[in-house]
Amino acid sequence: MDAPETDRNIKEKGTGGTGGAGSAAPSNFIRAIIAEDMRTGKYGGRLMTRFPPEPNGYLHIGHAKSVCLNFGLAGEFGGVCNFRFDDTNPSKEEVEYVEAIQEDVRWLGFDWSDRLYYASDYFGKLYEYAVELIKAGRAYVCDLTAEQIREYRGTLTAPGRESPYRTRSVEENLDLFERMRRGEFGDGSRVLRAKIDMASGNINLRDPVMYRIKKVHHHRTGDTWCMYPMYDYAHGISDSIEGVTHSLCTMEYEDHRPLYDWFLDVLDIYHPQQIEFARLKLSYTVLSKRKLLKLVNEGHVHGWNDPRMPTLAGMRRRGYTPEAIRNFSERIGVGKRESLVDLALLEYCVREDLNRRAPRVMAVLRPLKVVIDNYPHDQVEYLDAVNNPEDPSAGARKVPFCRELYLEQDDFMENPPKQFFRLTQGREVRLRYAYFIKCVDVVKDEKGTIIELHCTYDPATRGGDAPDGRKVKATLHWVSAPHAVSAEVRLYDTLFRKDDLDEVEEGKDFTEFLNPASLEALPSCRLEPCLGEAKPGARFQFERLGYFCVDTVDSAPGKPVFNRTVTLKDEWAKLRKAGRQ
RNA sequence: UGGGGCGUCGACAAGCGGUAAGUCAGCAGAUUUUGGAUCUGCCAUUCCCAGGUUCGAAUCCUGGCGCCCCAGCCA
């Protein structure tokens, strides 16, 4: 195998690692194994990993962990990572997925150069190896039905029985296998099996199926084949053909490793090593393609890219950044034990990234009309506002201010608890970048709902500072009523009300724990005028509220729809919540 | 006496015989024109349990206990 060493896997700057001295990346057992193999020259100083998704669904945050691990480690040690679709089961796989998956990995920031492969590229070679195994007396065609094979397999505690077809001659097996290939037999009528050990404690070794007949059109090979190789047979050989050195997969494949090794050993071909790590579990969501598919198919969400989905497509639409996800992948570590990662860690990672880069703007989600009684009727002032206090290079902008404004309904309380230090009657607060105002009157409708506030402002506090040095306890965001842009803003909460959805009691379905309040759409929010022309995908911090991005699907020119990516940390919300309990 | 894996703070996670890193969460305080950000301090005398070896054990040994995975012609 040749070993391209100049390819770069990482488009953007990687996260560093322990490959070099003084790096900050935490160590993990896989990095340690690779470092040791590199040190001893086990593969001639070569490192090749691979990311092998099956194109039968969209990638989710759990896959991101694997992508970051495989591409990240390769980048760190000067190796490469191949992109390979594990497309051995055409009845479940679709081109829609192969395209979406590539887009997701590219978006995450990784580049596989020209190393895009498909297990189906190797169908010919796989067939030849199968013939070789038959000739060596290590594989046979079995006529048992699926049901019979299951019966003969035995149970977890009882050994299996050998198939009556196990002793067929090499000639007969060769003939039958060739005729299987030619399509002479019906689906499910025969399979090719490896001849290993029907009494093995490891059920995977009880003469596993290598090929099954499936007269199904394949998205790449068309109708060339009417039988397809099974994962266990195809995967190790694919790794071997490509010259992979470290084949990383999740823990449930640990029992398959003896089989992975068996095929390569018996065939006596290049032998990569399989290493297993624990798959990611994230609180308040599900990470299994089966469950995600169900959410999509049953309409619990609006597609794979619904912003509430833990798919990369959903998270991207929600406003997550690749940097945040890569950082999250690094922080969670890699181990062998099952663990449930706290959603709060993911949210921390997005906030950390967005805090640095998202321009700040003001947006009022639940508008409450305010009239500044002593402000001139036809006057408009343009006040200076900082775009990002974390980034001076982001500059400043002008924000219009006039007599009629909108404030957030939550920022006014008639009978506030003592911890509430926002606006109330008689109290003075600051309007960000504008003036100190004091509430002098409250207007209600016949039902007693507050519909308007009357305030006075202090002209001497322009910009937000009082020349006499007096302080206010709160600074509120606001928007000029006549200048405001109206837009829909979608607030998201966790998709589920339960943190660990594997802990669902017998007889209950995980969908029973869906959060009915996971989406709240606010149709008429009032935004600062500059937001009218925000481009789809653009991310902002709405001051005091959270990070939002322009929806790429439902926004129209001049009529943006915003998705809340994540809230800001909120002391007041915490106090309120504690007070209720 | 089926096979395999795993058990370190509320959640992740270092540690590899020399006397429990770090991060998130939480709590307290400083600071603040975002109750944001930032900064400080606190948060495992103890590593599933019980024995043993050792001057010394989360790390080694023995025996328990607990959790996860495997009986697709899925991956």
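Note on naming: letters A, B, ... go to the chains in the order of the sequence lines (proteins, then strands), and numbering restarts at 1 for each one.
Using a 4.0 Å cut-off between charged side-chain N and carboxylate O, A/Glu408 and A/Arg544 make no salt bridge. By the 4.0 Å N-to-carboxylate-O rule, A/Lys438 lies too far from A/Asp458 to be salt-bridged with it.
Place A/Tyr253 and A/Ser200 on RNA chain B by their nearest nucleotides, and A/Ser200 ends up nearer the 5' end. Looking at which nucleotide of RNA chain B each of A/Ala146 and A/Thr475 is closest to, the 5′-most match is held by A/Thr475.
Note: CG (A/Leu205) to P (B/rG72) measures 16 Å, nearest angstrom. Put simply, CG on A/Asn56 is 14 Å from C1' on B/rG72, counting in whole angstrom units. Rounded to an integer number of Å, the gap from A/Glu503 CD to B/rA11 P is 12 Å. Per the geometry, CD belonging to A/Glu254 stands 17 Å off C1' belonging to B/rA75, to the nearest Å. As a whole-Å value, the separation of A/Asn204 CG from B/rG3 P is 15 Å. Per the geometry, CZ belonging to A/Arg331 stands 6 Å off C1' belonging to B/rU23, to the nearest Å. For the pair A/Asn327 CG and B/rG22 P, the computed distance is 18 Å after rounding to whole Å. Counting to the nearest Å, the C1' atom of B/rC70 and the CG atom of A/Leu156 are 6 Å from each other.
Ring orientation note: the planes of A/His218 and A/Tyr228 are close to parallel, at an angle under 30° on the 30°/60° scale. In this pair, A/Trp304 and A/Tyr58 present their aromatic rings parallel. The plane angle is below 30°, not in the 30 to 60° band.
A centroid separation of 6.0 Å or more is found between the aromatic rings of A/His256 and A/Tyr260.
Considering A/Arg422, A/Arg432, A/Arg366 in turn, A/Arg422 is the only one that fulfils the salt bridge (charged side-chain N to carboxylate O under 4.0 Å, His left out) rule with A/Asp411.
Base pairing analysis places B/rA44 opposite nothing; no Watson-Crick or G-U wobble pair with both distances below 3.5 Å involves it. In this entry B/rG2 has B/rC70 as its Watson-Crick or G-U wobble partner, both defining distances falling under 3.5 Å. Under the Watson-Crick or G-U wobble criterion, with both distances below 3.5 Å, B/rC65 is paired with B/rG7. The partner of B/rA13 cannot be assigned: no Watson-Crick or G-U wobble pair with both contacts below 3.5 Å exists in any strand. Nucleotide B/rC55: paired with B/rG18 (Watson-Crick or G-U wobble, both distances less than 3.5 Å). Nucleotide B/rC39 has B/rG29 as its partner under the Watson-Crick or G-U criteria, with both atom distances under 3.5 Å.
Contact annotation: A/Ser27 side-chain N/O to B/rG15 OP1/OP2 distance is under 4.0 Å. Between A/Arg150 and B/rG72 there is a side-chain polar atom (N or O) within less than 4.0 angstrom of OP1 or OP2. Between A/Lys214 and the phosphate of B/rC74, there is a side-chain N or O to OP1/OP2 separation shorter than 4.0 Å. Considering only side-chain N and O atoms, A/Lys574 lies under 4.0 angstrom from the phosphate OP1 or OP2 of B/rG26.
Straight-line distance between the C1' atoms of B/rU23 and B/rC67: roughly 25 Å, to the nearest whole Å. Comparing the same atom, C1', in B/rC74 and in B/rG36 gives a spacing of 47 Å after rounding to whole Å.
In B/rG51 the O4'-C1'-N dihedral to the base is more than 90° from 0, which defines an anti nucleotide.
Both the sub-6.0 Å distance and the 45° axial angle are satisfied by A/Arg161 relative to the ring of A/Tyr152.
At a cut-off of 3.5 angstrom, the base of B/rU34 holds no donor-acceptor pair with the side chain of A/Arg430. Side-chain atoms of A/Asp255 and base atoms of B/rG3 include a donor and an acceptor less than 3.5 Å apart.
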- Between protein and nucleotides 36-41 of chain B, map the contacts as a letter string: B base, S sugar-phosphate only, - none, heavy atoms under 4.0 Å, written 5' to 3'. BS----
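Distances from the side chain of A/Glu54 to the nucleotides B/rC6, B/rA75, B/rA71 place B/rA75 closest. Side-chain proximity of A/Leu345 to B/rG35, B/rA13, B/rU23: nearest is B/rU23.
Partners of A/Ser91 by side-chain hydrogen bond (donor to acceptor under 3.5 Å, both in side chains), not counting sequence neighbours, listed by chain and number: A/Asn89, A/Lys214.
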- What do the steps show when you test A/Lys281 against A/Asp502 for salt bridge (Lys or Arg N to Asp or Glu O under 4.0 Å), and what is the final call? CA-CA 9 Å; A/Lys281 291 207 336 180; A/Asp502 288 334; 2.9 Å; yes
